[in-house]
Number of protein chains: 4
Amino acid sequence: MSISKSTARRRGRPQGDEVKIAILKAANELLEERGLAGFTIDAVATRSGAARSSIYRWWPNRGALAIAGFLAETAQKIGYPVTSSAIADMKGQMMRVAEVYGQKVGRTISALVAQGQSDPEALRALLDGYVLPRRDEAKKVLARGVANGELRDDLDFDVVVDALYGPIWYRILVPHAPLTPDWAGRLADHVFGGLRPTR
Amino acid sequence: MSISKSTARRRGRPQGDEVKIAILKAANELLEERGLAGFTIDAVATRSGAARSSIYRWWPNRGALAIAGFLAETAQKIGYPVTSSAIADMKGQMMRVAEVYGQKVGRTISALVAQGQSDPEALRALLDGYVLPRRDEAKKVLARGVANGELRDDLDFDVVVDALYGPIWYRILVPHAPLTPDWAGRLADHVFGGLRPTR
Amino acid sequence: MSISKSTARRRGRPQGDEVKIAILKAANELLEERGLAGFTIDAVATRSGAARSSIYRWWPNRGALAIAGFLAETAQKIGYPVTSSAIADMKGQMMRVAEVYGQKVGRTISALVAQGQSDPEALRALLDGYVLPRRDEAKKVLARGVANGELRDDLDFDVVVDALYGPIWYRILVPHAPLTPDWAGRLADHVFGGLRPTR
Amino acid sequence: MSISKSTARRRGRPQGDEVKIAILKAANELLEERGLAGFTIDAVATRSGAARSSIYRWWPNRGALAIAGFLAETAQKIGYPVTSSAIADMKGQMMRVAEVYGQKVGRTISALVAQGQSDPEALRALLDGYVLPRRDEAKKVLARGVANGELRDDLDFDVVVDALYGPIWYRILVPHAPLTPDWAGRLADHVFGGLRPTR
DNA sequence: GTCTAAACGAGACGGTACGTCCGGTCTTACA
DNA sequence: TGTAAGACCGGACGTACCGTCTCGTTTAGAC
């Protein structure tokens, strides 16, 4: 995004971060509170106190702003616990994710995905900035599980991550029933344990 | 949508089905070809040869039209096979769903979900008209599997359906990787078999 | 408007003038009450209880209906008094016209004239059906005045009628001040008497 | 329309007068050429090269635009001559008005009046912006005539202005016969001279 | 301390789609 | 054949945003 900022400070007024931060904050709040429909450049400008032109100076369009707001404000709030059991760590993290996504963050995420359907760059940004990194984290936990014998060694990690986290996103985006930690726990149990009877 | 057409014909000019059909067809095609962005009432009108006002006579807004187009044209294309094995039936159906959703239908579905994020009625219609009925079908297959001993008898069907189909929707909506029958087959194997080592 | 009612009954359902009358009545009422803006074919249909198609059977478009409604209902309500004095007759008639036009009829007339601006046929119908006939009546009174010596014998009747009635229409259409009988009387006095000082 | 431009420039982009002028010009031309029927916001936009939204930024609806176009372009074209005789001045001005109104301006005026019938604000604007000011001018001339003895001193100026100009508007709006300077001259003669025989 | 170029607020501008309203035509069922 | 009902095409309306642009103002660093 920015090349050659390392070299000697350029002339002119430097870019007071407050404006940028206020914009991102407002963007995120609007996304949370009113979803994609209420997320208007004008609304962001009004709420943040910034001018529309200031927004367009830093982000090329509303999709980019939406993603940026999300990444800046809410993205990295859920870490993985680290205990001796990878399965327990996974399950715990899924439950915490469900808890968080079940509230305002869920609205934001679904708005972002919706935006992504008609805005390839926004989708790309969401994937690269959020989805893929988190998948990688999950895979590390899985690898740990394989290493210590908790998990089968023939697992396809991509499939497993889809199996564990896909349903969570599905419940955000297609809310046929509420997204709760309890449900997430049962989901983990079913997937880890399989569906076949134990002999 | 309208029952009670059986009774005596109403007074005025009857509603030449061709127009309605042409509109729905055009709506669906646009959704498939160009996603939500290109799905404009005007575009639908032009392509179908109908007048904008005719569209608004039958559907209150673009969300309703989008859902209606989908349900009328593409919704019921994938049935369940029925063999002796419920697990095989499930897996087979998932693979066929993946195949179909991996193409144009996927675009349509993601457009509908996106629309649903800012249009509660559209979301409701999608759930009631498509998602929930298909979940019910899946649960019947699962029940068969429990009955004949293929599946554990303590399963939470809602969780299981989420676990099996959630990832498919996830890959449509958050396309971090392509949606293929092969992947769907492996997904089924992982979930049915569980992730823990077999003794 | 309707000829040949005398001859032998034609086949089919007789045309029960009630519908036509109800339509004209409704048309006129709407014109009076809400002016051109509220004068909608649909509104006329609803109020009259007739179907839109029945309206279009008898009148080609809304302009024609408006004129017809006016002519049928309100047009011929103001006759000329006949006394020995033509000037008094004129003045009296002007005052009564002002009285009538100052109320609902004025709204109707201004609506018709407005309609006429973008509908040449409506204008033609208004002229032929109302304006010109009434001008002719006025000219007869003027001729009587010339004959009995009340009026100059070199008058241009068209100019005189314009001078006497033009201001009345003007006050209807450009209502810079109310249209009252008193004002009309003073108008008559000024025009008949001239504006120059009497020696 | 806007005073107080003298003070310090406002913050944002100033309002490039060209756009506004082009819009008004186009509006007026359309009114002249095609009357109220052809006077469409879209047509104005197309002809002026401006966007529809730019038009709506400055005028709230088509009525307001119509008036504004008229006032900006054609309104003030006819001044009063000033000679020693008030009567001659009046008559001269009436003839020139007749000449001008007899052409395109007449179309515009009748369109405006028509618009006014279903748009009270447009009517108000026409009265305040055009009709009343011009009536005031006329009254001044009349006052001069009274002062120098050409006219009776018991005249009701409002009635006189109605008597002199009312017929002209009447002939514009109810064009039963063409509006010519010659006719206007005869009108002036009749009204100033009165209709009674001179002893 | 001045100079100056970028940041910033404000808002005009061209566009595009929305959903509504109405006009006029056409097609049916019923009387 | 007249009438009620209402589907249909078409076109204008006014609204809401989008993304671009052009201003005047502010301000921290360069000089």
Side-chain angles (χ1 to χ4, degrees), chain A residues 8-20 23 37 39-43 45 48-63, chain B residues 8-20 37 39-43 45 49-62, chain C residues 10-16 18-20 23 37 39-43 45 48-63, chain D residues 8-20 23 37 39-43 45 49-62:
Chain A
R9 290 292 266 115
R10 294 205 309 297
R11 206 89 88 86
R13 174 175 177 177
Q15 185 236 320
D17 277 342
E18 299 134 28
V19 173
K20 231 167 163 172
I23 291 170
F39 180 75
T40 286
I41 297 291
D42 222 81
S48 69
R52 277 158 41 76
S53 52
S54 294
I55 295 175
Y56 279 107
R57 184 164 325 113
W58 303 113
W59 298 276
N61 51 47
R62 90 172 202 163
Chain B
R9 291 288 266 107
R10 291 209 316 295
R11 256 307 187 73
R13 170 174 176 178
Q15 185 240 318
D17 277 341
E18 300 133 27
V19 173
K20 226 166 167 172
F39 181 75
T40 286
I41 297 291
D42 219 83
R52 271 159 44 78
S53 54
S54 293
I55 295 176
Y56 279 109
R57 186 172 316 111
W58 301 112
W59 299 276
N61 50 48
R62 87 172 203 163
Chain C
R10 293 205 309 292
R11 202 94 84 86
R13 174 172 180 177
Q15 187 233 307
E18 299 134 28
V19 174
K20 241 169 153 170
I23 291 170
F39 180 74
T40 286
I41 298 291
D42 222 81
S48 69
R52 277 156 44 77
S53 52
S54 295
I55 296 175
Y56 280 107
R57 188 183 350 270
W58 303 112
W59 298 275
N61 50 47
R62 92 171 201 162
Chain D
R9 292 285 266 103
R10 290 209 314 296
R11 257 304 191 74
R13 171 173 175 176
Q15 185 241 318
D17 277 342
E18 300 134 27
V19 174
K20 225 165 169 174
I23 291 170
F39 180 75
T40 286
I41 298 290
D42 219 83
R52 269 159 44 77
S53 53
S54 293
I55 296 176
Y56 280 108
R57 185 168 319 111
W58 300 111
W59 299 275
N61 50 49
R62 86 171 205 164

Side chain to side chain contact (heavy atoms under 4.5 Å, CB included) involving C/A43 - partner list, sequence neighbours excluded: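 Partners of C/A43 by the side chain to side chain contact (heavy atoms under 4.5 Å, CB included) criterion, ordered by chain and then number, come out as C/L30, C/R34, C/T40.
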Residue pair C/I23 / C/W59, side-chain heavy-atom distance below 4.5 Å: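 When only atoms from C-beta onward are counted, C/W59 and C/I23 do touch, with a gap below 4.5 Å.
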Nucleotide nearest C/R57 when distance is taken to its side chain, options E/dG9, F/dT3, F/dC9: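 It is F/dT3.
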May I have the distance from [X] (atom [atom1]) to [N] (atom [atom2]), rounded to whole angstrom?
| X | N | atom1 | atom2 | result |
| --- | --- | --- | --- | --- |
| B/E18 | E/dC26 | CD | P | 17 Å |
| C/I55 | F/dG6 | CD1 | C1' | 14 Å |
| A/I23 | E/dG9 | CD1 | C1' | 11 Å |
| B/W59 | E/dC18 | CH2 | P | 15 Å |
| A/D17 | E/dA7 | CG | C1' | 12 Å |

Nucleotide-resolved protein contact map, nucleotides 11-18 of chain F, B/S/- at heavy-atom distance under 4.0 Å: -BSBB-SS
Heavy-atom pair of closest approach, residues B/A45 and B/A51: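 Where B/A45 meets B/A51 most closely, the heavy atoms are CB-C, 4.3 Å.
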Over all atoms of both residues, closest heavy-atom pair of A/F39 and A/R62: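 Reported closest heavy-atom pair: O-NH1, 2.9 Å.
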Criterion side-chain contact (heavy atoms from CB on, under 4.5 Å) against C/I55, the qualifying member of C/N61, C/I41, C/V19: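 Of the listed residues C/N61, C/I41, C/V19, the side-chain contact (heavy atoms from CB on, under 4.5 Å) partner of C/I55 is C/I41.
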Salt bridge (charged side-chain N to carboxylate O under 4.0 Å, His left out) partners for C/R52, two or more places apart: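 If we apply the salt bridge (charged side-chain N to carboxylate O under 4.0 Å, His left out) test to C/R52, skipping adjacent residues, the hits are C/D42.
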B/S54 side chain near F/dA7 phosphate (N/O to OP1/OP2, under 4.0 Å):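 No, B/S54 has no side-chain N/O under 4.0 Å of OP1/OP2 on F/dA7.
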Below 4.0 Å: OP1/OP2 of F/dT3 and any side-chain N or O of C/W58: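 So the side-chain polar atoms of C/W58 do come within 4.0 Å of the phosphate oxygens OP1 or OP2 of F/dT3, strictly under.
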Sugar-phosphate only, base, or nothing, as touched by A/A45 at under 4.0 Å among non-hydrogen atoms: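 No contact.
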